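Each remark here refers to the structure printed beneath this line.
Given the structure is predicted, the values throughout are model-derived calculations rather than measurements.
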Amino acid sequence: MDSSSKRPITLEDLLALKIADDPQMAPDGAHVVCTVTTVDTEANGYRTNLWIVPFERGMPWQLTTAPGRDTGPRWSPDGTRIAFVSERGGTKQVWVIPTGGGEAHALTSDACSPSDLAWSPDSQWIAFVGKLGAEGSRQESDVRVISRLRYKQDGEGLWDGRWKQVFIVRADGGAIRQVTEGEHDHLAPSWSPDGTHLAYAGNASPDADLANTSDVWVVPVDGAAPPRRVTRGLGPVQFPSWSPDGTHLAYIGHDNACWDATHLGIWTVPAAGGAPVCLTRGYDRSVGHHLGSDIRAQPTSGGLTWAPDGGRLYFLAADGGNTQIASSSVPDGAVRLETRGEHDVVGCTLDRAARRVACIEGDPLMPGEVAVAALSGAGAQTLRRLTAWNAPLLDTLALTAPERFQCSGADGWPIEGWAMKPAGIGKGGRGPTVLMIHGGPHSAYGNTFVHEFQLLCAEGYGVLFTNPRGSQGYGQAFASATHHDWGGKDYEDLMRALDYALATYDWIDPGRLGVAGGSYGGFMTNWIVGHTQRFRAAVALRSTCNRYSQWGTSDIAYQNGLWEFPGDPWESAAFYLERSPITYVRQMRTPLLILHGENDLRCPIDQAEQLFVALKKQGTPTLLVRFPGESHGLSQSGQPKHRIAQLRHLVSWFRTHLHGDAPTAVAGPRQYDMEKAGIPLREGEGRG
């Protein structure tokens, strides 16, 4: 389609995107199975089905069609069946379907909430993680008695009293057998090559809730001996995986040198026990997926795959504003990139011979399609895309390509950023521009599709996004540089990047600047408007304002004193208050929109309430928008209607305060034009 006939992207286009995830290569490398999620507008929810994509020729075909969500597909080693988790029937169960077509059948039927499927080497058994007993079986009433520290988790809610255990079930049906027991979670099972043992990750310590550590454990499938601990609690353990000869286990993890700011690496340990070795210690990048977006919730990290000769391990790696597939030599730890390109990669899956790799590849103009490459060991490969599920929509849209820049941050550290020019700005024209700040702080922005950014550009706003210190992809020293300094030099990095953009791009109107961000980005937005008056409008999503009071109400903030902050609040009260944006509320004169999910357990909604009341009391233009039933993941996985409403509020707030004769930040209140934006007022809903 000619570019002149393309239309701007809209709010509703978010609901039309098809989001691919969790690619899995068939053992023979001939096909890839993945999930494709679409919005079910009528149900105000989502539908996820399995698709099969040929590696060489042929059209993709839809393997499952049932309503609800089919997730976690895994090929049987003989390639004849695919196991997956499905919500069809109303509850999550393990299902199996023939790869050549036919009816799927369920292998489980109770309230076990299965996940983490793994086939035995002989294709006869499926291991999975589940919960024993019916939901709420330990609750005799609706009164909750809390005895453990980690009793809630954002997105899951309050703990139901059941621990996650490893179970196995025959692939042709039959009784479920429990393999593990004990009062702690058992995760990510992996079969030994001879099918006699399972490895898994877990922490059996009574004080497990006080730490982020876990260990690799090995247990005989027949129950002939108790589980055996292989590692010794250095840090977290993810995706344990047996070497082809069964002598070693590999996993993704770290040694907690910088707590959760520590780079994830590839580790190996003798299966019989011994000292773990970090293969990637000399590779100054983190393993896994780190790029933030608003289209995909918790994208598949890719896991860990051994080459058949045991000589290499394959994984995803952060690489500045890109994600790449990489591999590490087991003998010497040397890392090489297997893919190249300005892109984001989700998932990493290989065939049995480790000659073909598949993933979901996306970029700033495309949210992700199945892509493959043939691995020869001759160098990084360019991925070849096999699907085009979003092409019918994207081919009609006038999208904006980001322009990369690099500037000098605090201490002279290089800061990577991107600028997106607003639509409709001609030569010599200037437009309002919004500085966007990512969450984490140990995540990153980069070459990935963000609907919100494209929407802002289509609405006439420029977008700046950067990776200040704390971001992944630039080395361990950079990622851990927010240590005891949230709101310090990270704030300076952001302001220096903004100054560079103002000096570089003549289309930015310096008198009409906005700022917005979610989670840590929301914290930083609140911090910024308390420390400068250069922004005319701000939007804080799922944010925090009071680090002291958040400490015991968040599902994870009680751990901040272990490394991010200097101790717990009673040990460093002055620091917690000094680094709390609400401390600077008297300087906050920038009109601030606060968007927050009512069920957010990561940044509880009292954080939004405190700041809203403080701003309202002193007369700063503000509005609090609450989203019932939504967790911290509202922007990526919330109810479709709520995601659209959130974006509508964000765009309308900037339209009110950044366009035309909008007042400056230090002026008095201005009516937030919700009616003009098509947002109906309900009884009792006030204006800011």
- Task: Report the C-alpha distance between Thr433 and Asp509 in whole Å, list the side-chain angles of each, state the deciding distance to 0.1 Å, and finish with yes or no for side-chain contact (heavy atoms from CB on, under 4.5 Å).
- Result: CA-CA 7 Å; Thr433 299; Asp509 184 345; over 6 Å; no
With no hydrogens and no angle check, is any side-chain donor or acceptor of [X] less than 3.5 Å from a backbone partner on [Y]?
X	Y	value
His451	Phe449	no
Ser652	His649	no
Asn44	Lys641	yes
Ser631	Asn599	no
Asn526	Thr544	yes
Asp284	Gln476	yes
Thr622	Leu592	yes
Thr620	Met588	yes
Asp600	Cys603	yes
Asp209	Leu149	yes

Under 3.5 Å, is there a donor-acceptor pair between the [X] and [Y] side chains?
X	Y	result
Asn546	Gln550	no
Ser635	Arg542	yes
Asp493	Trp413	no
Trp259	Glu564	no
Thr213	Asn203	yes
Ser214	Gln238	no

Looking only at non-hydrogen atoms, find the nearest pair between [X] and [Y] and report the distance.
X	Y	value
Ala540	Gly522	CB-O, 4.1 Å
Pro367	Ile19	CB-CD1, 4.3 Å
Trp653	Pro621	CZ2-O, 4.1 Å
Trp563	Ala261	CZ3-CB, 3.7 Å
Trp418	Gly446	CH2-CA, 3.9 Å
Ala317	Tyr283	CB-OH, 3.9 Å

Please round to the nearest 0.5 Å and tell me the distance separating atom [atom1] of [X] and atom [atom2] of [Y].
X	Y	atom1	atom2	answer
Arg144	Lys152	CZ	NZ	12.0 Å
Arg626	Glu598	CZ	CD	4.0 Å
Gln618	Arg586	CD	CZ	7.0 Å
Tyr505	Leu464	OH	CG	8.0 Å
Ile437	Leu541	CD1	CG	11.0 Å
Gln646	Gln639	CD	CD	12.5 Å

Heavy-atom side-chain proximity of [X] to [Y] below 4.5 angstrom:
X	Y	value
Val539	Thr525	no
Arg404	Glu416	yes
Val237	Trp267	no
Gln472	Arg285	no
Phe465	Val450	no
Glu452	Leu14	no
Ile266	Val287	yes
Lys131	Asp160	yes

- Under the ring-ring contact (aromatic ring centres under 6.0 Å, His included) criterion, do His657 and Phe535 qualify, and how do the steps go? CA-CA 10 Å; His657 294 283; Phe535 295 95; over 10 Å; no
- Note on the structure: ring-ring contact (aromatic ring centres under 6.0 Å, His included) with Trp486: of Phe575, Tyr491, Tyr520, only one passes, and it is Tyr520
- Message: Under 6.0 Å between ring centres: does that hold for Tyr151 and Trp159?
- Response: no
- Query: Can you say whether the rings of Phe654 and Tyr461 are parallel (under 30°), tilted (30 to 60°) or perpendicular (over 60°)?
  - Reply: tilted
- Task: Kindly confirm or rule out a cation-pi arrangement of Arg547 over Phe523, judged by NZ or CZ under 6.0 Å from the six-membered ring centre and within 45° of its axis?
- Result: yes
- Item | NZ/NE/NH1/NH2 to OD/OE distance under 4.0 Å, Asp485 and Arg469 | no
- Counterpart residues, ring pair (Phe, Tyr, Trp, His ring centres under 6.0 Å), relative to Tyr474 (two or more places apart): Phe478
- Note on the structure: Taken in chain and number order and not counting sequence neighbours, the residues that satisfy ring pair (Phe, Tyr, Trp, His ring centres under 6.0 Å) with His442 are none
- Query: Given the rule in the side-chain contact (heavy atoms from CB on, under 4.5 Å) test, do Gln607 and Ser549 qualify, once you have shown the distances and angles that lead to the verdict?
  - Reply: CA-CA 8 Å; Gln607 296 290 305; Ser549 65; 3.2 Å; yes
- Note on the structure: For residues 586-629, the ring pair (Phe, Tyr, Trp, His ring centres under 6.0 Å) pairs (sequence neighbours left out) are Phe627-His642
- Would you sort out whether Val625 and Leu593 count as a side-chain contact (heavy atoms from CB on, under 4.5 Å), showing the intermediate values? CA-CA 8 Å; Val625 182; Leu593 172 65; 3.8 Å; yes
- Result of checking His632, Arg602, Gln153 against Asp555 for side chain to side chain donor-acceptor pair (under 3.5 Å): Arg602
- Stepwise side-chain contact (heavy atoms from CB on, under 4.5 Å) test for Tyr548 and Arg579: CA-CA 9 Å; Tyr548 194 108; Arg579 299 306 169 111; over 6 Å; no
- Trace of the salt bridge (charged side-chain N to carboxylate O under 4.0 Å, His left out) decision for Asp116 with Lys164: CA-CA 11 Å; Asp116 298 9; Lys164 294 179 180 179; over 6 Å; no
